[in-house]
Q: 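I am attaching a structure below and will ask some questions about it afterwards.
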Amino acid sequence: MGVLTQNMPHRDDGPTRLVRPVPAAPIQQSSADPLAVLPAKVRQFVERAVTLCQPDRVHVCDGSEAENAALLRQMQAVGMIEPLPKYDNCWLARTDPADVARVESKTFIVTEQKREAVPIPGKGVRGTLGNWMSPEDLEEAVADRFPGCMRGRTLYVVPFSMGPVGSPLSKIGIELTDSPYVVASMRIMTRMGGKVLETLGDGDFVKCLHSVGLPEPVTGPSGIRWPCNPAKTLIAHVPERREILSFGSGYGGNSLLGKKCFALRIGSTIARREGWLAEHMLILGITNPAGHKRYIAAAFPSACGKTNLAMLQPSLPGYKVECVGDDIAWMRFDKNGVLRAINPENGFFGVAPGTSSTTNPVAMATVASNTIFTNVARTADGGVYWEGLEKEVDTSAGVTDWQGRPWTPGSGAPSAHPNSRFCAPAGQCPIIDPQWESAEGVPISAILFGGRRPEGVPLVYEAFNWEHGVLLGAAMR
Ligand code: SAT
Ligand code: MN
(Lines give C-alpha, C1' and ligand atoms only; values in the text may rest on other atoms or scores of the structure.)
(Ligands and ions follow the chains in the order given, each with its own letter.)
Protein backbone atom coordinates (compact mmCIF):
# COMPACT_ATOMS: atom_id res chain seq x y z
CA MET A 1 0.00 0.00 0.00
CA GLY A 2 0.98 3.59 -0.33
CA VAL A 3 2.75 3.45 -3.62
CA LEU A 4 3.17 7.20 -3.57
CA THR A 5 4.30 7.38 0.00
CA GLN A 6 7.36 5.23 -0.34
CA ASN A 7 10.24 5.26 -2.77
CA MET A 8 9.81 2.84 -5.59
CA PRO A 9 12.67 0.96 -7.19
CA HIS A 10 13.75 2.51 -10.47
CA ARG A 11 15.99 1.58 -13.34
CA ASP A 12 19.55 2.18 -12.34
CA ASP A 13 21.24 4.11 -15.08
CA GLY A 14 23.56 6.36 -13.19
CA PRO A 15 23.10 9.10 -10.65
CA THR A 16 19.64 10.57 -10.18
CA ARG A 17 19.27 13.59 -12.38
CA LEU A 18 18.86 16.95 -10.75
CA VAL A 19 15.51 18.58 -11.27
CA ARG A 20 15.96 21.75 -13.20
CA PRO A 21 13.35 24.49 -13.48
CA VAL A 22 11.77 24.74 -16.92
CA PRO A 23 14.04 26.76 -19.23
CA ALA A 24 13.10 30.38 -19.75
CA ALA A 25 11.86 29.94 -23.31
CA PRO A 26 8.53 28.14 -22.94
CA ILE A 27 7.49 28.92 -19.39
CA GLN A 28 9.00 31.35 -16.92
CA GLN A 29 9.25 30.40 -13.30
CA SER A 30 11.12 32.91 -11.21
CA SER A 31 12.39 30.75 -8.35
CA ALA A 32 15.51 28.63 -8.75
CA ASP A 33 13.76 26.04 -6.56
CA PRO A 34 10.47 25.42 -8.37
CA LEU A 35 9.09 23.57 -5.35
CA ALA A 36 9.63 26.45 -2.90
CA VAL A 37 6.01 27.64 -3.26
CA LEU A 38 4.57 24.27 -2.21
CA PRO A 39 3.15 23.41 1.22
CA ALA A 40 5.30 20.73 2.92
CA LYS A 41 2.93 17.81 2.24
CA VAL A 42 2.63 18.72 -1.43
CA ARG A 43 6.37 19.11 -1.71
CA GLN A 44 6.89 15.64 -0.28
CA PHE A 45 4.40 14.17 -2.74
CA VAL A 46 6.15 15.89 -5.66
CA GLU A 47 9.62 14.83 -4.52
CA ARG A 48 8.59 11.17 -4.32
CA ALA A 49 7.04 11.33 -7.78
CA VAL A 50 10.22 12.94 -9.14
CA THR A 51 12.35 10.16 -7.66
CA LEU A 52 10.05 7.59 -9.20
CA CYS A 53 9.33 9.12 -12.61
CA GLN A 54 12.61 10.97 -13.26
CA PRO A 55 11.29 13.99 -15.19
CA ASP A 56 13.83 16.41 -16.65
CA ARG A 57 12.02 19.44 -15.25
CA VAL A 58 9.33 20.37 -12.75
CA HIS A 59 6.87 23.21 -13.25
CA VAL A 60 4.40 24.32 -10.57
CA CYS A 61 1.29 25.68 -12.31
CA ASP A 62 -0.06 29.04 -11.18
CA GLY A 63 -3.06 28.91 -13.52
CA SER A 64 -2.30 32.31 -15.06
CA GLU A 65 -3.18 33.46 -18.58
CA ALA A 66 0.52 33.84 -19.38
CA GLU A 67 1.29 30.30 -18.28
CA ASN A 68 -1.61 28.93 -20.32
CA ALA A 69 -0.58 30.89 -23.41
CA ALA A 70 2.98 29.57 -23.10
CA LEU A 71 1.74 25.99 -22.78
CA LEU A 72 -0.50 26.35 -25.82
CA ARG A 73 2.40 27.77 -27.84
CA GLN A 74 4.62 24.91 -26.73
CA MET A 75 2.03 22.30 -27.75
CA GLN A 76 1.50 24.03 -31.07
CA ALA A 77 5.24 23.95 -31.73
CA VAL A 78 5.34 20.13 -31.45
CA GLY A 79 2.10 19.66 -33.39
CA MET A 80 0.08 18.42 -30.41
CA ILE A 81 -2.56 21.09 -31.02
CA GLU A 82 -3.37 23.49 -33.82
CA PRO A 83 -5.27 26.76 -33.68
CA LEU A 84 -8.80 27.11 -35.10
CA PRO A 85 -8.63 30.63 -36.50
CA LYS A 86 -12.36 30.78 -37.23
CA TYR A 87 -12.94 31.25 -33.47
CA ASP A 88 -11.39 33.04 -30.55
CA ASN A 89 -8.68 31.06 -28.71
CA CYS A 90 -9.93 27.63 -29.82
CA TRP A 91 -7.66 24.65 -30.43
CA LEU A 92 -7.78 21.21 -31.96
CA ALA A 93 -5.93 18.16 -30.62
CA ARG A 94 -5.72 14.90 -32.55
CA THR A 95 -4.92 11.91 -30.41
CA ASP A 96 -3.29 8.63 -31.24
CA PRO A 97 -6.08 6.48 -32.79
CA ALA A 98 -5.47 3.96 -29.99
CA ASP A 99 -6.21 6.55 -27.29
CA VAL A 100 -9.70 7.89 -27.91
CA ALA A 101 -11.85 7.12 -24.85
CA ARG A 102 -11.98 6.16 -21.24
CA VAL A 103 -11.01 2.49 -20.77
CA GLU A 104 -13.06 0.94 -18.00
CA SER A 105 -11.45 -2.47 -18.55
CA LYS A 106 -8.15 -0.97 -17.40
CA THR A 107 -9.64 1.01 -14.52
CA PHE A 108 -9.21 -0.53 -11.07
CA ILE A 109 -10.14 0.10 -7.47
CA VAL A 110 -7.47 -1.05 -5.05
CA THR A 111 -8.58 -2.27 -1.62
CA GLU A 112 -7.41 -4.97 0.79
CA GLN A 113 -10.67 -6.89 0.38
CA LYS A 114 -12.25 -7.36 -3.04
CA ARG A 115 -15.75 -7.01 -1.64
CA GLU A 116 -14.97 -3.44 -0.53
CA ALA A 117 -14.64 -2.46 -4.20
CA VAL A 118 -16.91 -4.63 -6.37
CA PRO A 119 -19.84 -7.00 -5.93
CA ILE A 120 -18.72 -10.62 -6.04
CA PRO A 121 -21.05 -12.51 -8.41
CA GLY A 122 -22.08 -16.13 -7.98
CA LYS A 123 -20.29 -19.03 -9.67
CA GLY A 124 -20.27 -18.85 -13.45
CA VAL A 125 -21.43 -15.22 -13.53
CA ARG A 126 -19.12 -12.55 -14.87
CA GLY A 127 -19.13 -9.35 -12.80
CA THR A 128 -19.59 -6.17 -14.80
CA LEU A 129 -19.52 -3.54 -12.08
CA GLY A 130 -15.92 -2.41 -11.95
CA ASN A 131 -12.51 -4.03 -11.54
CA TRP A 132 -10.60 -4.76 -8.35
CA MET A 133 -6.87 -5.03 -7.78
CA SER A 134 -4.99 -6.01 -4.66
CA PRO A 135 -2.46 -3.58 -3.11
CA GLU A 136 0.33 -6.07 -3.89
CA ASP A 137 -0.66 -6.30 -7.56
CA LEU A 138 -0.80 -2.52 -7.76
CA GLU A 139 2.68 -2.20 -6.35
CA GLU A 140 3.92 -4.61 -8.98
CA ALA A 141 2.05 -2.77 -11.74
CA VAL A 142 3.50 0.56 -10.62
CA ALA A 143 7.05 -0.82 -10.44
CA ASP A 144 6.55 -2.14 -13.98
CA ARG A 145 5.41 1.21 -15.36
CA PHE A 146 6.35 4.37 -13.50
CA PRO A 147 10.11 4.20 -12.87
CA GLY A 148 11.73 6.65 -15.31
CA CYS A 149 8.47 7.14 -17.22
CA MET A 150 8.85 10.94 -17.43
CA ARG A 151 12.42 11.00 -18.74
CA GLY A 152 12.90 13.94 -21.08
CA ARG A 153 9.57 15.44 -20.04
CA THR A 154 8.35 18.14 -17.67
CA LEU A 155 6.41 17.14 -14.58
CA TYR A 156 3.65 19.71 -14.09
CA VAL A 157 2.26 20.21 -10.60
CA VAL A 158 -1.44 21.02 -11.02
CA PRO A 159 -3.22 22.17 -7.82
CA PHE A 160 -6.97 22.05 -8.37
CA SER A 161 -10.22 22.46 -6.47
CA MET A 162 -13.36 20.46 -7.20
CA GLY A 163 -16.03 23.02 -6.38
CA PRO A 164 -15.41 26.75 -5.90
CA VAL A 165 -12.08 27.49 -4.17
CA GLY A 166 -12.60 27.65 -0.40
CA SER A 167 -16.27 26.53 -0.42
CA PRO A 168 -17.09 24.16 2.48
CA LEU A 169 -18.30 21.48 0.02
CA SER A 170 -15.19 21.67 -2.17
CA LYS A 171 -12.22 19.29 -2.14
CA ILE A 172 -8.66 19.82 -3.28
CA GLY A 173 -6.45 17.58 -5.41
CA ILE A 174 -2.90 17.81 -6.72
CA GLU A 175 -2.36 16.24 -10.14
CA LEU A 176 1.20 15.55 -11.24
CA THR A 177 1.27 15.03 -14.98
CA ASP A 178 3.74 14.99 -17.85
CA SER A 179 1.10 16.12 -20.37
CA PRO A 180 0.70 19.83 -21.18
CA TYR A 181 -2.67 18.95 -22.79
CA VAL A 182 -3.83 17.69 -19.41
CA VAL A 183 -2.67 20.91 -17.75
CA ALA A 184 -4.54 23.12 -20.25
CA SER A 185 -7.66 20.94 -19.96
CA MET A 186 -7.56 20.82 -16.15
CA ARG A 187 -7.44 24.63 -16.20
CA ILE A 188 -10.80 24.57 -17.97
CA MET A 189 -12.42 21.66 -16.14
CA THR A 190 -11.38 22.63 -12.58
CA ARG A 191 -10.42 25.71 -10.59
CA MET A 192 -6.67 25.41 -10.99
CA GLY A 193 -3.61 27.31 -9.79
CA GLY A 194 -1.88 29.21 -7.01
CA LYS A 195 -5.03 30.19 -5.11
CA VAL A 196 -5.75 26.52 -4.49
CA LEU A 197 -2.34 26.05 -2.85
CA GLU A 198 -2.99 29.04 -0.57
CA THR A 199 -6.36 27.60 0.44
CA LEU A 200 -4.87 24.14 0.96
CA GLY A 201 -2.07 25.20 3.30
CA ASP A 202 -1.25 22.21 5.52
CA GLY A 203 -4.48 20.43 4.59
CA ASP A 204 -4.89 17.03 2.98
CA PHE A 205 -5.49 16.54 -0.71
CA VAL A 206 -6.21 13.78 -3.20
CA LYS A 207 -2.91 12.62 -4.70
CA CYS A 208 -3.13 12.21 -8.46
CA LEU A 209 -0.20 10.94 -10.52
CA HIS A 210 -0.54 10.79 -14.30
CA SER A 211 1.93 9.91 -17.01
CA VAL A 212 1.46 9.41 -20.73
CA GLY A 213 3.83 6.51 -20.18
CA LEU A 214 6.26 7.18 -22.99
CA PRO A 215 9.63 8.58 -21.93
CA GLU A 216 11.65 10.51 -24.47
CA PRO A 217 13.16 10.13 -26.94
CA VAL A 218 10.20 8.88 -28.95
CA THR A 219 10.02 8.34 -32.69
CA GLY A 220 7.17 8.48 -35.19
CA PRO A 221 4.73 11.34 -35.70
CA SER A 222 2.03 9.96 -33.41
CA GLY A 223 4.41 9.48 -30.49
CA ILE A 224 5.60 13.06 -30.76
CA ARG A 225 2.17 14.58 -31.41
CA TRP A 226 0.26 12.43 -28.93
CA PRO A 227 2.48 10.31 -26.70
CA CYS A 228 0.67 7.44 -25.01
CA ASN A 229 1.17 3.79 -24.16
CA PRO A 230 -2.07 1.88 -24.81
CA ALA A 231 -0.54 -1.55 -24.16
CA LYS A 232 0.32 -0.52 -20.60
CA THR A 233 -2.63 1.73 -19.79
CA LEU A 234 -3.74 1.50 -16.18
CA ILE A 235 -5.97 3.75 -14.11
CA ALA A 236 -5.87 2.79 -10.44
CA HIS A 237 -7.56 4.25 -7.37
CA VAL A 238 -6.58 3.68 -3.77
CA PRO A 239 -9.51 5.03 -1.72
CA GLU A 240 -7.86 4.39 1.62
CA ARG A 241 -4.97 6.70 0.77
CA ARG A 242 -6.93 8.97 -1.55
CA GLU A 243 -4.52 8.22 -4.37
CA ILE A 244 -5.03 7.96 -8.12
CA LEU A 245 -2.40 6.55 -10.46
CA SER A 246 -2.95 6.81 -14.19
CA PHE A 247 -0.53 5.55 -16.84
CA GLY A 248 -0.47 5.33 -20.59
CA SER A 249 -3.45 7.41 -21.75
CA GLY A 250 -3.79 11.15 -22.30
CA TYR A 251 -7.51 11.08 -23.03
CA GLY A 252 -10.43 12.56 -21.09
CA GLY A 253 -11.41 10.79 -17.92
CA ASN A 254 -8.26 8.64 -18.06
CA SER A 255 -6.01 11.66 -17.62
CA LEU A 256 -8.08 14.60 -16.35
CA LEU A 257 -8.04 13.03 -12.93
CA GLY A 258 -10.36 15.54 -11.24
CA LYS A 259 -13.32 14.22 -13.20
CA LYS A 260 -14.26 10.51 -13.01
CA CYS A 261 -11.31 9.38 -10.89
CA PHE A 262 -11.64 12.00 -8.16
CA ALA A 263 -15.12 13.56 -8.36
CA LEU A 264 -16.86 10.20 -8.85
CA ARG A 265 -14.72 7.25 -7.71
CA ILE A 266 -12.53 8.57 -4.86
CA GLY A 267 -15.27 11.16 -4.23
CA SER A 268 -17.91 8.51 -3.55
CA THR A 269 -15.69 6.81 -0.97
CA ILE A 270 -15.05 10.14 0.79
CA ALA A 271 -18.77 10.85 0.53
CA ARG A 272 -19.69 7.51 2.10
CA ARG A 273 -17.43 8.28 5.06
CA GLU A 274 -18.69 11.84 5.41
CA GLY A 275 -22.37 11.16 4.72
CA TRP A 276 -22.96 12.67 1.30
CA LEU A 277 -23.24 11.51 -2.34
CA ALA A 278 -20.98 11.81 -5.40
CA GLU A 279 -23.10 11.06 -8.46
CA HIS A 280 -22.86 10.93 -12.26
CA MET A 281 -25.69 13.46 -12.66
CA LEU A 282 -26.40 16.73 -14.38
CA ILE A 283 -28.08 19.54 -12.43
CA LEU A 284 -30.50 22.02 -13.96
CA GLY A 285 -33.00 24.65 -12.86
CA ILE A 286 -36.51 24.86 -14.39
CA THR A 287 -38.70 27.94 -14.04
CA ASN A 288 -42.39 27.56 -14.95
CA PRO A 289 -44.58 30.26 -16.52
CA ALA A 290 -45.71 31.35 -13.03
CA GLY A 291 -42.08 32.05 -12.13
CA HIS A 292 -41.62 29.11 -9.72
CA LYS A 293 -38.17 27.61 -9.94
CA ARG A 294 -37.13 24.06 -9.10
CA TYR A 295 -33.83 22.24 -9.52
CA ILE A 296 -33.54 18.63 -10.66
CA ALA A 297 -30.64 16.21 -11.00
CA ALA A 298 -30.47 13.54 -13.72
CA ALA A 299 -28.35 10.41 -13.99
CA PHE A 300 -27.57 8.90 -17.41
CA PRO A 301 -24.50 6.93 -18.50
CA SER A 302 -21.79 8.67 -20.54
CA ALA A 303 -22.68 9.88 -24.02
CA CYS A 304 -26.47 9.58 -23.48
CA GLY A 305 -27.25 13.29 -23.75
CA LYS A 306 -26.69 14.75 -20.28
CA THR A 307 -25.06 17.83 -21.76
CA ASN A 308 -27.95 18.38 -24.18
CA LEU A 309 -30.54 17.99 -21.42
CA ALA A 310 -28.59 20.26 -19.05
CA MET A 311 -28.72 23.00 -21.71
CA LEU A 312 -32.29 22.39 -22.84
CA GLN A 313 -34.31 25.11 -24.51
CA PRO A 314 -37.91 24.17 -23.64
CA SER A 315 -40.45 24.19 -26.42
CA LEU A 316 -43.26 24.57 -23.85
CA PRO A 317 -44.18 28.25 -23.86
CA GLY A 318 -43.13 30.22 -20.79
CA TYR A 319 -40.68 27.65 -19.37
CA LYS A 320 -37.02 28.41 -18.80
CA VAL A 321 -34.10 26.01 -18.14
CA GLU A 322 -30.78 27.06 -16.63
CA CYS A 323 -27.69 24.86 -16.29
CA VAL A 324 -25.76 24.15 -13.08
CA GLY A 325 -23.72 21.20 -14.37
CA ASP A 326 -23.73 18.57 -17.12
CA ASP A 327 -21.94 15.55 -15.62
CA ILE A 328 -21.31 15.36 -11.88
CA ALA A 329 -23.30 16.29 -8.76
CA TRP A 330 -22.07 16.31 -5.18
CA MET A 331 -25.16 16.20 -2.98
CA ARG A 332 -25.89 16.32 0.72
CA PHE A 333 -28.82 16.99 3.02
CA ASP A 334 -28.57 20.33 4.79
CA LYS A 335 -29.60 20.87 8.44
CA ASN A 336 -33.22 21.37 7.36
CA GLY A 337 -33.26 18.02 5.54
CA VAL A 338 -33.16 19.60 2.09
CA LEU A 339 -31.05 17.73 -0.48
CA ARG A 340 -28.55 20.23 -1.94
CA ALA A 341 -26.22 19.79 -4.90
CA ILE A 342 -23.10 21.43 -6.26
CA ASN A 343 -21.38 20.87 -9.58
CA PRO A 344 -17.75 20.23 -8.61
CA GLU A 345 -16.54 20.93 -12.15
CA ASN A 346 -15.65 24.19 -13.86
CA GLY A 347 -16.16 23.21 -17.48
CA PHE A 348 -17.92 20.91 -19.93
CA PHE A 349 -16.18 17.94 -21.55
CA GLY A 350 -18.99 17.13 -23.93
CA VAL A 351 -19.40 14.77 -26.88
CA ALA A 352 -19.18 16.84 -30.07
CA PRO A 353 -20.96 14.71 -32.72
CA GLY A 354 -24.68 15.31 -32.67
CA THR A 355 -24.26 18.77 -31.15
CA SER A 356 -25.68 21.42 -33.47
CA SER A 357 -27.73 24.59 -33.57
CA THR A 358 -30.79 22.36 -33.72
CA THR A 359 -29.95 19.90 -30.91
CA ASN A 360 -28.05 22.25 -28.60
CA PRO A 361 -27.63 25.89 -29.66
CA VAL A 362 -26.51 26.74 -26.12
CA ALA A 363 -23.56 24.33 -26.34
CA MET A 364 -22.67 25.72 -29.77
CA ALA A 365 -22.48 29.21 -28.25
CA THR A 366 -20.49 27.91 -25.27
CA VAL A 367 -17.74 26.37 -27.42
CA ALA A 368 -17.20 29.38 -29.68
CA SER A 369 -14.19 30.61 -27.67
CA ASN A 370 -11.51 29.38 -25.24
CA THR A 371 -12.28 25.76 -26.11
CA ILE A 372 -10.04 22.75 -26.72
CA PHE A 373 -11.55 20.32 -29.22
CA THR A 374 -10.22 16.78 -29.39
CA ASN A 375 -10.61 14.45 -32.40
CA VAL A 376 -13.18 16.54 -34.27
CA ALA A 377 -12.79 17.29 -37.99
CA ARG A 378 -11.65 20.65 -39.31
CA THR A 379 -12.83 22.78 -42.20
CA ALA A 380 -10.42 24.51 -44.58
CA ASP A 381 -11.26 27.89 -43.06
CA GLY A 382 -10.16 26.80 -39.58
CA GLY A 383 -13.52 25.82 -38.13
CA VAL A 384 -14.72 22.58 -36.55
CA TYR A 385 -16.85 19.91 -38.17
CA TRP A 386 -18.54 16.72 -37.03
CA GLU A 387 -21.50 14.49 -37.80
CA GLY A 388 -24.63 16.51 -37.11
CA LEU A 389 -23.37 19.79 -38.58
CA GLU A 390 -24.20 18.84 -42.20
CA LYS A 391 -26.94 21.45 -42.50
CA GLU A 392 -25.07 24.37 -40.96
CA VAL A 393 -21.40 24.12 -41.95
CA ASP A 394 -20.22 24.69 -45.50
CA THR A 395 -17.76 21.91 -46.30
CA SER A 396 -17.23 22.75 -49.96
CA ALA A 397 -13.71 24.14 -49.39
CA GLY A 398 -12.63 20.84 -47.84
CA VAL A 399 -12.61 18.97 -44.56
CA THR A 400 -9.77 17.22 -42.72
CA ASP A 401 -10.92 14.26 -40.62
CA TRP A 402 -9.98 13.55 -36.99
CA GLN A 403 -6.90 11.64 -38.12
CA GLY A 404 -5.68 14.48 -40.33
CA ARG A 405 -6.76 12.94 -43.64
CA PRO A 406 -8.80 14.65 -46.37
CA TRP A 407 -12.47 13.78 -45.95
CA THR A 408 -15.45 14.03 -48.28
CA PRO A 409 -19.14 13.89 -47.34
CA GLY A 410 -20.67 10.53 -48.15
CA SER A 411 -17.32 8.73 -47.90
CA GLY A 412 -18.80 6.32 -45.39
CA ALA A 413 -16.37 6.95 -42.54
CA PRO A 414 -17.24 9.60 -39.97
CA SER A 415 -15.25 12.84 -40.18
CA ALA A 416 -15.00 13.20 -36.40
CA HIS A 417 -14.38 10.38 -33.94
CA PRO A 418 -17.73 9.36 -32.37
CA ASN A 419 -16.25 10.14 -28.92
CA SER A 420 -14.66 13.44 -30.00
CA ARG A 421 -15.07 16.15 -27.40
CA PHE A 422 -15.18 19.85 -26.64
CA CYS A 423 -13.65 21.13 -23.43
CA ALA A 424 -15.13 24.55 -22.62
CA PRO A 425 -15.39 26.81 -19.55
CA ALA A 426 -18.79 26.48 -17.83
CA GLY A 427 -18.89 30.22 -17.13
CA GLN A 428 -19.23 30.81 -20.88
CA CYS A 429 -22.54 28.95 -21.09
CA PRO A 430 -25.21 31.52 -21.98
CA ILE A 431 -27.76 29.85 -19.69
CA ILE A 432 -25.44 29.08 -16.76
CA ASP A 433 -27.53 29.28 -13.60
CA PRO A 434 -26.98 32.35 -11.37
CA GLN A 435 -26.56 29.90 -8.44
CA TRP A 436 -24.11 27.53 -10.15
CA GLU A 437 -21.24 28.47 -7.84
CA SER A 438 -23.34 28.84 -4.70
CA ALA A 439 -21.44 27.56 -1.67
CA GLU A 440 -24.37 25.69 -0.10
CA GLY A 441 -25.58 24.19 -3.39
CA VAL A 442 -29.01 24.30 -5.03
CA PRO A 443 -32.03 22.46 -3.53
CA ILE A 444 -32.94 19.30 -5.47
CA SER A 445 -36.66 18.53 -5.97
CA ALA A 446 -36.43 15.45 -8.21
CA ILE A 447 -33.99 12.97 -9.68
CA LEU A 448 -34.31 11.61 -13.21
CA PHE A 449 -32.72 8.27 -14.11
CA GLY A 450 -32.13 7.48 -17.76
CA GLY A 451 -30.30 5.08 -19.99
CA ARG A 452 -30.31 3.18 -23.22
CA ARG A 453 -33.36 0.90 -22.80
CA PRO A 454 -35.03 0.75 -26.22
CA GLU A 455 -37.45 -1.96 -25.08
CA GLY A 456 -38.92 -3.65 -22.02
CA VAL A 457 -39.73 -0.51 -20.06
CA PRO A 458 -41.99 2.48 -20.74
CA LEU A 459 -40.23 5.44 -22.35
CA VAL A 460 -40.93 7.67 -19.34
CA TYR A 461 -42.34 6.78 -15.93
CA GLU A 462 -42.55 8.43 -12.53
CA ALA A 463 -42.05 7.08 -9.01
CA PHE A 464 -44.88 7.51 -6.47
CA ASN A 465 -42.51 8.86 -3.83
CA TRP A 466 -38.81 8.93 -2.80
CA GLU A 467 -38.94 5.34 -1.42
CA HIS A 468 -40.45 3.98 -4.64
CA GLY A 469 -37.91 6.09 -6.54
CA VAL A 470 -35.06 4.39 -4.68
CA LEU A 471 -36.49 1.01 -5.71
CA LEU A 472 -36.82 2.07 -9.37
CA GLY A 473 -33.38 3.62 -9.44
CA ALA A 474 -31.77 0.57 -7.84
CA ALA A 475 -33.57 -1.79 -10.26
CA MET A 476 -32.30 -0.01 -13.36
CA ARG A 477 -29.60 -1.55 -15.48
O1 SAT B 1 -13.88 10.91 -21.06
S2 SAT B 1 -14.68 11.30 -19.88
O3 SAT B 1 -14.70 10.23 -18.90
O4 SAT B 1 -14.09 12.47 -19.26
C5 SAT B 1 -16.26 11.72 -20.35
C6 SAT B 1 -17.33 10.81 -19.99
O7 SAT B 1 -17.23 9.60 -20.23
O8 SAT B 1 -18.36 11.29 -19.45
MN1 MN C 1 -19.80 11.57 -17.77
Side-chain angles (χ1 to χ4, degrees), residues 93 95-96 98-109 130-131 158 160 162 173 175 177 179 181-190 208 210 212 226 228 230 233-237 244 246 248-268 277-284 297-311 323-331 341 343-355 360 363 367 371-376 402 416-426 448-452:
T95 73
D96 185 300
D99 189 22
V100 293
R102 207 144 46 78
V103 267
E104 301 207 7
S105 60
K106 295 176 178 184
T107 301
F108 292 84
I109 309 293
N131 306 303
V158 182
F160 65 96
M162 299 313 290
E175 176 162 354
T177 177
S179 162
Y181 168 89
V182 167
V183 178
S185 305
M186 285 292 283
R187 185 170 181 267
I188 296 172
M189 295 306 298
T190 72
C208 311
H210 168 255
V212 294
W226 188 270
C228 60
T233 292
L234 174 76
I235 301 106
H237 309 68
I244 301 159
S246 169
S249 166
Y251 203 87
N254 297 334
S255 66
L256 313 179
L257 301 186
K259 199 174 182 40
K260 310 299 182 184
C261 298
F262 178 165
L264 287 177
R265 301 195 193 103
I266 294 288
S268 66
L277 298 157
E279 300 297 333
H280 195 202
M281 295 183 185
L282 67 87
I283 310 164
L284 61 80
F300 307 155
S302 289
C304 271
K306 284 199 300 302
T307 306
N308 288 353
L309 181 56
M311 298 178 185
C323 174
V324 176
D326 78 327
D327 198 41
I328 299 176
W330 283 0
M331 308 200 287
N343 167 17
E345 300 196 276
N346 191 46
F348 305 117
F349 189 71
V351 177
T355 310
N360 194 343
V367 304
T371 296
I372 301 175
F373 295 90
T374 305
N375 287 346
V376 302
W402 68 278
H417 188 278
N419 191 40
S420 56
R421 299 275 173 161
F422 53 78
C423 178
L448 269 175
F449 292 91
R452 299 186 191 89

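Along the sequence shown, residues are numbered consecutively beginning with 1. Just so you know, ligand 1 is whichever comes first in the structure, and atom 1 is the first atom listed for that ligand. Keep in mind that this is a model prediction, so the values were computed, not measured.
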Q: Report yes or no: does W402 contribute a side-chain atom to a donor-acceptor pair with the main-chain N or O of T95 at less than 3.5 Å?
A: no
Q: Does I328 offer a backbone N or O that forms a donor-acceptor pair with the side chain of K259 under 3.5 Å?
A: no
Q: Between D327 and F349, is there a donor-acceptor pair closer than 3.5 Å when you use the side chain of the first and the backbone of the second?
A: no
Q: At what distance, to the nearest 0.5 angstrom, does OG1 of T355 lie from CZ of F422?
A: 5.0 Å
Q: Among all residues two or more places apart in sequence or in another chain, which pass the side-chain hydrogen bond (donor to acceptor under 3.5 Å, both in side chains) test with S420?
A: none
Q: When you check ligand 1 against the protein, what N or O pairs turn up below 3.5 Å? List the atom names and distances, or just say none.
A:
{"from": "ligand 1", "atom 1": "1 (O)", "to": "G253", "atom 2": "N", "distance (Å)": "3.1"}
{"from": "ligand 1", "atom 1": "3 (O)", "to": "R102", "atom 2": "NE", "distance (Å)": "2.3"}
{"from": "ligand 1", "atom 1": "4 (O)", "to": "G253", "atom 2": "N", "distance (Å)": "3.0"}
{"from": "ligand 1", "atom 1": "7 (O)", "to": "R102", "atom 2": "NE", "distance (Å)": "3.2"}
{"from": "ligand 1", "atom 1": "7 (O)", "to": "R102", "atom 2": "NH2", "distance (Å)": "2.7"}
{"from": "ligand 1", "atom 1": "7 (O)", "to": "S302", "atom 2": "OG", "distance (Å)": "2.8"}
{"from": "ligand 1", "atom 1": "8 (O)", "to": "K260", "atom 2": "NZ", "distance (Å)": "3.0"}
{"from": "ligand 1", "atom 1": "8 (O)", "to": "S302", "atom 2": "OG", "distance (Å)": "3.1"}

Q: With distance as the sole test, does N254 use its side chain to make a donor-acceptor pair with the main-chain N or O of S246 at under 3.5 Å?
A: no
Q: Main chain of P425, side chain of N346: is a donor-acceptor contact present, judged purely on distance under 3.5 Å?
A: no
Q: Under the 3.5 angstrom rule, does the side chain of D326 hit a backbone N or O of K306 as a donor-acceptor pair?
A: no
Q: What's the count of protein N, O or S atoms under 2.8 Å from the Mn ion (ligand 2)?
A: 3
Q: Sequence neighbours left out, what passes side-chain contact (heavy atoms from CB on, under 4.5 Å) with A329? Give chain and number order.
A: M281, I283, M331
